Amino acid sequence: MSDTRFSTTEKDILQELMNIGFGQAAADLAQVIGLSIELSIPDIQLFKVCELSRHMAEKMAGEQEFSLVEQYFLGKFQGIALLALPARSGKKLVSLFGLQDQCNWSSENLEMLEKEAMIEVGNILIGACVGKITELLNDVVLFSPPRMMIQDVRDSILPNHLFAPGSLAISLKTVFHFERKKITGQLFLIANQDSIAWLKTALNTFMEQYE
Amino acid sequence: MIFKQIADMINMGLVVLDEDLKVHFWNRWMALHSDIPADEIVGRSLFEFFPDLNEPNFLRNCRSVFTFGNFAFFSQKLHRYLFPLRPVYSDKTPFDYMQQSCTMGPIRCRDNRVQFLFLSVSDVTEVVKYEEQLVEMNSKDALTGIYNRRFFETSLQTEFKRSKRHGRALSLIMIDLDYFKRVNDLHGHQVGDDALRAFATRVQSRLRQSDLLARYGGEEFVCLLPETDGPAARDLAEELRRMTAETQWVCREVELQLTISVGVAQSRPEMDGFETLLKKADDALYEAKAGRNRVVCYD
């Protein structure tokens, strides 16, 4: 089994790297979507794959109803991104992204439009955050099309083909906030055990540039 | 060389754009379906040929590819299509344009910088056509062509929640064709089926676009009436009752005398779920059926 323990220094580097990555992602996102967005300092945790629901339940404690967007990212750093948005935020996002102007739009399908708006926000946010981390660590990832999940996030399970049962996973969580629209949500990037090993090596290579 | 051939032989559209969104590559599939040859479009702005794409959503996705190396997915459900291309089987499709599922992603140069973006275009017209047929089959009653019970129950849940949330009126009418078994027994099921179709068509023509008529069971029908209070629903029910009784129904040259019993209920603040509204309308119908050819409202 690959070494998945992080030394204190490695943890500090990862934390610092995430701060840089998410900081840059926030700046670039503001430019791309024309809106200021705050991303909190990421919270990093290791947990066992089978404990995902407990991990999510702890992180989501106190949250009201929310919608969930899921997207896989595949590369040396690979896993699943879960974006939790307040259930009622769809409408605000539709106007934020100007989707109501779609010419082929009919009013009966407003719910679908809201869903698509959440998927689009998910795609951009997940792409920005995963893209920045992997860019700093010299990897390029591919993304699956994002999709909306219908079950409760607390019942989520990780796909077996990416997460072997009994293995470890790493969760990088950030809270994001669209200033003008007053929307706050949470983004979880959950990478598998192979990614943890790669992350350790990549972190050390990253540090060598500064030594 | 090999990749150029693959790009030109593959059964999907491939477009490569540079940072100024000028076309860098336009594969043969795109040329054939758009009637724009590669040598005409390469080197020129995509928007010269497709001005409708010059809108915030498309531009935002292009920026996100160049800025983050992100992927963007243009689903058929939301966008229908990106490029207005003719459907391949234009005589057999209900769509004016080919339905497309498109993906946009980065193409990097040696130093990993995103130099171009690619757009892949998949023709999903046939899939969408089948999907729409399936949705219709799943929501419509095969005999009468109006909505089925499953669709009605889903709509009732949605409308009930909406009326609760916004404090808007909502009413429900349940209709039963009186002594309908006799029609089947006396004249056969074909006449009975024709009568059900004729009745559904007649009721449908009396309803507003926002109302929903569904076949609930054998000879039972329901009308879901958003933004309609109890008295208005009662008036409509009474009109349907009168209209049914006064019509000379002729089905397969058989003259029929039809009457209906109708139960009416309106949503009230104290009702905790859509099931209660349904139960009240059903109770009212049960009472109406005791006398036949009459309307009973739940108060």
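Keep in mind that what you see is a predicted model, and the values were worked out from it rather than measured. Letters A, B, ... are given to chains in the order of the sequence lines, protein chains preceding strands, and every chain is numbered from 1. When reading the values below, keep in mind they use all heavy atoms of this one structure, side chains included, and skip hydrogens, waters and symmetry mates.
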Quiz item: What parts of residues 129-136 of chain B touch chain A if we use heavy atoms and a cut-off under 4.5 Å?
Solution: none

Practice problem: For A:Q193 and A:L168, indicate whether the former's side chain and the latter's backbone hold a donor-acceptor pair under 3.5 Å. | Solution: yes

Quiz item: Between B:L207 and B:L236, is a side-chain contact (heavy atoms from CB on, under 4.5 Å) present by the stated rule, with each step listed?
Solution: CA-CA 9 Å; B:L207 300 180; B:L236 173 66; 3.8 Å; yes

Practice problem: Could you have a look at A:P145, A:G131, A:G127 and say which one has the most heavy-atom pairs with chain B under 4.5 angstrom? | Solution: A:P145

Quiz item: Among side-chain atoms of A:N123 and A:Q71, is any donor-acceptor pair under 3.5 angstrom?
Solution: yes

Exercise. With a 4.5 angstrom heavy-atom cut-off, could you sort out which part of A:I119 is near chain B: side chain, backbone, both or neither?
Key: neither

Quiz item: Any residues in residues 145-164 of chain B near chain A, with a heavy-atom distance under 4.5 Å, and which are they?
Solution: B:T158

Quiz item: Do A:S195 and A:N192 have a side chain donor and acceptor closer than 3.5 Å?
Solution: yes

Practice problem: Please assess B:R86 against B:M98 for the test side-chain contact (heavy atoms from CB on, under 4.5 Å), listing each intermediate value before the final yes or no. | Solution: CA-CA 6 Å; B:R86 280 189 318 272; B:M98 177 197 289; over 6 Å; no

Quiz item: Non-hydrogen atoms of chain B under 4.5 Å away: do they reach the side chain of A:I126, the backbone, both or neither?
Solution: neither

Practice problem: Please state whether the rings of B:F73 and B:F71 are parallel, tilted or perpendicular, taking 30° and 60° as the class boundaries. | Solution: parallel

Self-check item: Contact summary for B:T144 and B:R215, nearest pair of heavy atoms
Solution: CG2-CD, 4.1 Å

Quiz item: Looking at A:D28, A:N138, A:V32, which makes the most heavy-atom pairs under 4.5 Å with chain B?
Solution: A:V32

Quiz item: Would one find more than 12 heavy atoms of other residues, nucleotides or ligands at under 6.0 Å from atom NZ of A:K173?
Solution: yes

Practice problem: Determine the interplanar angle of the A:F77 and A:W198 rings, folded into 0 to 90°, and report it as parallel if under 30°, tilted if 30 to 60°, perpendicular if over 60°. | Solution: tilted

Quiz prompt | Heavy-atom neighbours of A:I41 CD1 exceed 12 at 6.0 Å | solution = no

Exercise. Heavy-atom distances under 4.5 Å only: say whether B:T103 touches chain A with side chain, backbone, both or neither.
Key: neither

Quiz prompt | Atom group of A:V141 that falls short of 4.5 Å from chain B, counting heavy atoms | solution = backbone

Exercise. Name all residues meeting the ring-ring contact (aromatic ring centres under 6.0 Å, His included) criterion together with B:F221; count only those two or more places apart in sequence or in a different chain, and write none if there are none.
Key: B:F199

Exercise. Please assess B:W29 against B:V121 for the test side-chain contact (heavy atoms from CB on, under 4.5 Å), listing each intermediate value before the final yes or no.
Key: CA-CA 9 Å; B:W29 189 97; B:V121 184; 4.1 Å; yes

Quiz item: Within a radius of less than 6.0 Å around OH of B:Y97, do more than 12 heavy atoms belonging to other residues, nucleotides or ligands occur?
Solution: no

Quiz prompt | Contact class of B:N61 relative to chain A, heavy atoms under 4.5 angstrom | solution = side chain

Quiz prompt | Identified side-chain hydrogen bond (donor to acceptor under 3.5 Å, both in side chains) counterpart of B:Q99 within the set B:Q76, B:E126, B:R80 | solution = B:Q76

Quiz item: Closest heavy-atom contact between A:V69 and A:M118?
Solution: CG2-O, 3.6 Å

Quiz item: Among residues 13-22 of chain B, which residues come closer than 4.5 Å to chain A, judged by heavy atom distances?
Solution: none

Quiz prompt | Distance-only side-chain donor-acceptor flag, B:R208 / B:T228, under 3.5 Å | solution = yes

